[in-house]
Amino acid sequence: MSSDQLQNYVREEDPRGLSLLVDPFRFINGAPGLVAGLGVVALTVAIGLTGVSYDGVIDLHVPPTPLPGWFLAAMPVLDWLLVAILFCVAGRLLSRSRQRVLDYFAMTALGRAPLAVAGVLLLPPLLGKILAQVNERIMANPAAIGQSLMNLPGLPWLIFGGMVIVLLMIWLGFLNYYALKEASGLKGPIAVVTFFVVALLAELFSKVAIYALGTLVIHGTPL
């Protein structure tokens with residue numbers, strides 16, 4: 001083996017820095033990965049109970065009106081399970097590699113870490129208080145929302161926080177792509193196309209499932 005081949009081998013088998021941030025799954029998988037991932041999911045549930053709504057696999061908001069605690073807690077769990085199941089189905093259908101169902105649930109749970117960080121930013125002591133004021137002003141006078149936001153205390157922090165959350169969503173995309181790739185063994189263009197198609201389906205299904213749950217359970221009326 002030449003020195004160049006050895007260096008490439010080391011880079012692929014022992015990633016560091018940014019590569020480790022987007023693909024930690026070579027080191028954290030199986031049962032330990034599931035334990036770590038469940039910790040991430042539990043954190044999103046706890047954040048949801050503070051009033052943050054994970055109303056989609058890539059969405060989180062501070063809702064304009066309070067929602068029941070059980071519903072806020074159920075949403076991030078539902079989001080995670082949908083992603084894991086859809087990734088697993090796609091991987092089983094499209095890949096001939098050896099796969100473990102456990103890895104899909106472990107890696108997709110751990111891959112939600114950016115949403116947990118974003119949720120922390122939306123807690124009431126941080127951006128949540130500012131967003132609550134935004135919701136109040138929108139409900140009070142929707143026609144003058146532009147002028148109202150310009151006079152909003154904490155607007156620079158809201159803009160900065162929004163930029164950080166955008167970066168976290170990009171990180172979320174990379175993590176989940178590598179979660180699918182590592183769990184399924186898919187490679188190349190088929191891995192990329194499969195990821196985008198399944199991610200879009202997961203977002204759509206999560207929206208439908210959350211709406212249906214709210215409609216059927218909460219006094220028969222939509223949330």
Requested in this report: Measure the CG-OG distance between Asp59 and Ser53 for me, rounded to the nearest 0.5 Å.
Outcome: 8.5 Å
Report task. For the residue pair Leu180 and Val198, establish whether any side-chain heavy-atom pair is separated by less than 4.5 Å. Result -> no
Query raised in the report: If Ile, Leu, Val, Met, Phe, Trp and Tyr residues are connected whenever their side-chain heavy atoms lie under 4.5 Å apart, and connections chain through other members, are Val35 and Met107 in the same group?
Result: no
Query raised in the report: Taking all non-hydrogen atoms of both residues, which atom of Gly51 and which atom of Pro63 are closest, and how far apart?
Result: O-CD, 3.1 Å
**Report entry** Inter-residue atom distance Ile165.CD1 - Ile170.CD1, 0.5 Å rounding
**Finding:** 12.5 Å
Requested in this report: Look up atom CG in Leu172 and atom CG in Leu115, then write down how far apart they are to the nearest 0.5 Å.
Outcome: 4.5 Å
Query - Closest contact, heavy atoms only, Leu168 versus Val117 - result: CD1-CG1, 3.8 Å
Query raised in the report: Taking Trp171 for the side chain and Leu21 for the main chain, is one N or O donor matched with an acceptor at less than 3.5 Å?
Result: yes
Query raised in the report: Can you tell me if Glu182 uses its side chain to pair, donor with acceptor, with the backbone of Asp23 under 3.5 Å?
Result: no
Report summary line: Minimal heavy-atom distance between Ile28 and Ala36, with the atoms involved, is CG2-CB, 4.5 Å
Query - For the student: nearest non-hydrogen atoms of Leu86 and Phe205, plus distance - result: CD1-CD1, 3.8 Å
Query raised in the report: Is the backbone of Gly30 close enough, under 3.5 Å, to the side chain of Asp103 for a donor and an acceptor to pair up by distance?
Result: yes
Requested in this report: Would you check if the side chain of Lys181 reaches a backbone N or O of Lys187 as a donor-acceptor pair within less than 3.5 Å?
Outcome: no
Query raised in the report: Can you tell me if Thr50 uses its side chain to pair, donor with acceptor, with the backbone of Ile47 under 3.5 Å?
Result: yes
Report task. Please report the closest heavy-atom contact between Leu38 and Ala109, naming both atoms and the distance. Result -> N-CB, 4.3 Å
Query - pair Leu20-Phe27: side-chain heavy atoms closer than 4.5 Å - result: yes
**Report entry** From Lys129 atom NZ to Leu122 atom CG, the distance as rounded to the nearest 0.5 Å
**Finding:** 15.5 Å
Query raised in the report: Atom OG1 in Thr44, atom CG in Leu49: separation rounded to 0.5 Å?
Result: 9.5 Å
Report task. Test side-chain contact (heavy atoms from CB on, under 4.5 Å) on Tyr54 and Val45 and set out the steps. Result -> CA-CA 9 Å; Tyr54 286 94; Val45 169; over 6 Å; no
Query raised in the report: Do Ile210 and Phe71 come close enough that some side-chain heavy atom pair is under 4.5 Å?
Result: yes
Query raised in the report: Is a side-chain N or O of Ser95 found less than 3.5 angstrom from the main chain of Ser184, in a donor-acceptor match?
Result: yes
Query raised in the report: What about Leu82 and Leu200, same hydrophobic cluster or not, with Ile/Leu/Val/Met/Phe/Trp/Tyr joined at side-chain heavy-atom distances under 4.5 Å?
Result: no
Query raised in the report: How about Val101 and Arg92: do any of their side-chain heavy atoms sit closer than 4.5 Å?
Result: yes
Query - Point-to-point distance, once rounded to the nearest 0.5 Å, from CG of Leu110 to OH of Tyr178 - result: 15.5 Å
Query - Which atom of Leu94 lies closest to which atom of Thr194, heavy atoms considered - result: CD1-OG1, 3.3 Å
Query raised in the report: Just by modelled atom types, is the Phe105 backbone N or O under 3.5 Å from a matching donor or acceptor in the Trp80 side chain?
Result: yes
